[in-house]
Protein chains: 2
Amino acid sequence: MIEENVSLVRAELIAVLVALGPEGPEVLTLKDGCMLPSGPLQTQHRSLQRGMRDWVERQTGVRPGHIEQLYTFADRLISDDGMRGVAVSYLALTPYASVGAEDVGWHRWYEYFPWEERRSPAAVRYADHLRDALREWIGTQPPARQSLLLHRLALTFGAEDHEWQDELVLQRYEFLYEAGLVAEAIEKKCGVSDQEEAGAGRRMADDHRRILATAMGRLRAKIRYRPVIYEMMPELFTLGELQDAVEHVAGCLVHKQNFRRQVVQQALIEEAGGERRSAGGRPARLYRFRRSLMLDAQIAGSKLPVVRGR
Amino acid sequence: MIEENVSLVRAELIAVLVALGPEGPEVLTLKDGCMLPSGPLQTQHRSLQRGMRDWVERQTGVRPGHIEQLYTFADRLISDDGMRGVAVSYLALTPYASVGAEDVGWHRWYEYFPWEERRSPAAVRYADHLRDALREWIGTQPPARQSLLLHRLALTFGAEDHEWQDELVLQRYEFLYEAGLVAEAIEKKCGVSDQEEAGAGRRMADDHRRILATAMGRLRAKIRYRPVIYEMMPELFTLGELQDAVEHVAGCLVHKQNFRRQVVQQALIEEAGGERRSAGGRPARLYRFRRSLMLDAQIAGSKLPVVRGR
DNA sequence: TCTCACAATGCTCAATATGAGCATAAAGGG
DNA sequence: CCCTTTATGCTCATATTGAGCATTGTGAGA
């Protein structure tokens with residue numbers, strides 16, 4: 001007996017898999033960059049997380065490593081078959097792995113959120129440009145709302161002695177969405193948009209880009225106090241490479257000497273005993289993450305100094 | 001058309017409502033303390049959060065204030081009607097409100113987790129006692145596992161120069177569960193347990209106590225860097241009352257002078273202009289939370305100094 | 001009325017942590 | 001052999017934190 005009014009739903013599992021490619025963080029996608037791996041919960045799945053892992057491996061061949069639940073939401077609308085959907089999204093980190101299948105591939109996440117990449121003055125200028133566009137849009141809004149919107153602009157995009165906070169990825173995306181500055185919003189308003197470059201950043205199907213934004217924000221927040229960055233590093237790495245990874249994820253530059261100081265004194269890594277020589281410059285020592293401390297690390301937490309430039 | 005293998009599920013919404021009673025944090029329950037408010041997602045619910053709010057208000061008459069999603073999980077087993085359940089749990093904070101309905105009421109959360117209350121030496125002794133019981137249990141385990149278990153014990157219950165970390169509520173509950181030291185686990189092993197006091201702390205139906213543990217851990221972690229404590233305070237309060245609230249939630253004592261210093265210099269509160277006099281002692285100034293900063297507060301975060309004693 | 005216990009409030013001081021920059025070391029390329 | 005480049009080591013000013021002493025108003029009881 002099923003109670004009246006009680007709707008049965010299809011449970012959809014969606015995964016944001018992140019790895020560090022040669023040019024920074026990349027996300028695993030289907031349909032040539034337009035979709036995240038996903039699929040419905042099935043009878044044989046023993047848990048939500050298992051189901052998610054199963055779909056990812058089936059669709060892409062990649063094994064998720066460190067996994068964490070992101071958010072669960074219900075579709076706004078009842079679909080054609082009268083069925084409603086509940087989507088459970090996950091963030092998973094893995095070392096970089098190549099994929100073979102058609103239409104499956106890694107894409108730099110800054111393709112989707114170019115304004116989040118602020119490691120060069122040129123990149124910062126792009127974010128500033130968007131901020132101006134937002135300010136212009138705010139001007140078209142009801143006067144009563146404008147002051148609140150301007151305040152929100154300052155908090156999310158950094159202005160009037162508020163600093164840019166790298167973990168507010170979702171808040172910025174939603175702001176741009178409201179202002180109709182991203183493709184998904186434009187399409188919603190004007191019908192199908194055939195112009196690929198109609199809005200800022202690359203679009204995705206449904207609300208997958210929103211989920212990606214959630215994942216980015218969560219990851220950026222998390223690397224500050226948990227050693228999750230090591231989940232994406234290869235077995236051996238130099239401190240320079242580690243710093244590069246953090247900078248790419250956080251989307252900003254950090255002070256090199258202070259970064260090393262903190263990382264070293266946390267003692268979560270140990271010297272592996274070799275060195276790596278590159279084009280020019282002094283060879284760098286190789287380190288490895290002390291996996292034996294994983295339990296400690298999960299529970300105790302650590303922190304990486306993600307801060308401002310140089 | 002519904003695909004083969006794809007299971008439709010019932011989506012259950014579960015709420016942990018927390019308020020500050022006269023003796024510390026309390027949780028809103030049904031069935032005389034054995035259940036959390038919950039109910040299935042219904043067709044008319046426009047979102048998961050709305051559905052949760054709807055159930056809470058219907059069952060208890062209390063309006064949830066600040067809301068945050070906790071975790072989503074699938075039932076391990078298919079139920080009698082062949083249907084599977086997915087449960088989405090929420091944490092909600094509210095000022096203390098009285099309830100009228102039968103079997104509905106507030107219960108101190110330390111009834112369920114007495115070892116989490118460490119504001120007196122006697123309370124700490126109880127946690128120590130449990131730690132000893134766990135250590136004994138570890139002795140009965142396969143020798144190969146023992147070293148890992150002892151390490152985990154040190155991390156979660158504090159030992160061998162590891163400190164007790166108040167936000168590890170779930171980890172401690174799960175450890176006790178594994179060791180068969182809480183009622184739910186005993187029942188699972190031995191069939192129905194008619195002894196109410198068979199295990200540590202008061203039991204709840206299904207995995208509701210696990211959800212409560214998740215909520216407690218999240219709240220304890222959150223008050224350190226977000227001003228959520230104010231969601232549970234009355235309009236006017238003294239710094240002493242605020243500190244009391246934080247201490248009750250965190251389950252440990254804080255240094256009074258340093259607490260005030262940080263709270264005041266964060267400038268999230270303002271003097272309300274009166275004072276409150278109690279039994280003995282100098283009257284305390286009244287403060288109020290600056291609601292106008294809510295946007296800032298949500299985004300920017302703040303932090304309360306939750307630390308060790310005095 | 002005078003004292004005392006009590007909580008609130010104000011302030012100091014040492015120990016750390018953090019932000020920023022200078023200096024040196026060890027490679028490769030002309 | 002000099003120059004550029006990256007790694008590494010170290011210093012110093014400043015901010016944050018942990019801990020404790022001192023002072024101020026009150027109510028209660030001698």
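In what follows, every chain begins at residue 1, and chains take the letters A, B, ... in the order their sequences are listed.
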* To the nearest Å, how far apart are B/E163 CD and D/dG18 P? -> 11 Å
* **Check ion pair A/R125-A/D128 (N to O, under 4.0 angstrom)** => no
* **Verdict with supporting geometry, B/D244 and B/R119, salt bridge (charged side-chain N to carboxylate O under 4.0 Å, His left out)** => CA-CA 11 Å; B/D244 230 52; B/R119 296 180 26 245; 5.3 Å; no
* Asked: Is A/R261 side chain donor-acceptor paired with the D/dG9 base, going by distance under 3.5 Å alone?
  -> no
* **For atom CG of B/L242 and atom C1' of C/dA7, their distance in whole Å** => 16 Å
* Using atom CD of A/Q262 as one end and atom P of D/dG9 as the other, report the distance to the nearest whole Å. => 16 Å
* Provide the closest heavy-atom pair for A/E247 versus A/L253 in the form atom of the first, atom of the second, distance. => OE2-CA, 3.5 Å
* Nearest whole angstrom, please: distance from the C1' of D/dA7 to the CG of A/L286. => 13 Å
* Please state whether the rings of A/Y173 and A/F113 are parallel, tilted or perpendicular, taking 30° and 60° as the class boundaries. => perpendicular
* Using atom CD of A/Q266 as one end and atom P of C/dA17 as the other, report the distance to the nearest whole Å. => 11 Å
* Asked: Can you tell me how far C1' of D/dT6 sits from CZ of A/F259, to the nearest Å?
  -> 15 Å
* Structure fact -> 5' to 3', nucleotides 25-30 of chain D under a 4.0 Å protein heavy-atom cut-off (B base, S sugar-phosphate only, - none) gives BBS---
* Give a yes/no on whether any side-chain N or O of B/K256 is located under 4.0 angstrom from OP1 or OP2 of C/dA7. => no
* To do: Find the distance B/N258:CG to C/dA8:C1' and express it as a whole number of Å.
  => 15 Å
* Asked: Over how many whole Å does the gap from A/D244 atom CG to D/dA7 atom C1' extend?
  -> 14 Å
* So A/F157 and A/W164, would you call those rings parallel, tilted or perpendicular, with 30° and 60° as cut-offs? -> perpendicular
* Looking only at side-chain atoms of A/Q257, point me to the closest of D/dA19, C/dC22, C/dC11. => C/dC22
* If every non-hydrogen atom of B/P283 is compared with every non-hydrogen atom of B/R277, which pair is closest and at what distance? -> CG-NH2, 4.0 Å
* Qualifying residues under ring-ring contact (aromatic ring centres under 6.0 Å, His included), relative to A/Y90, sequence neighbours excluded -> none
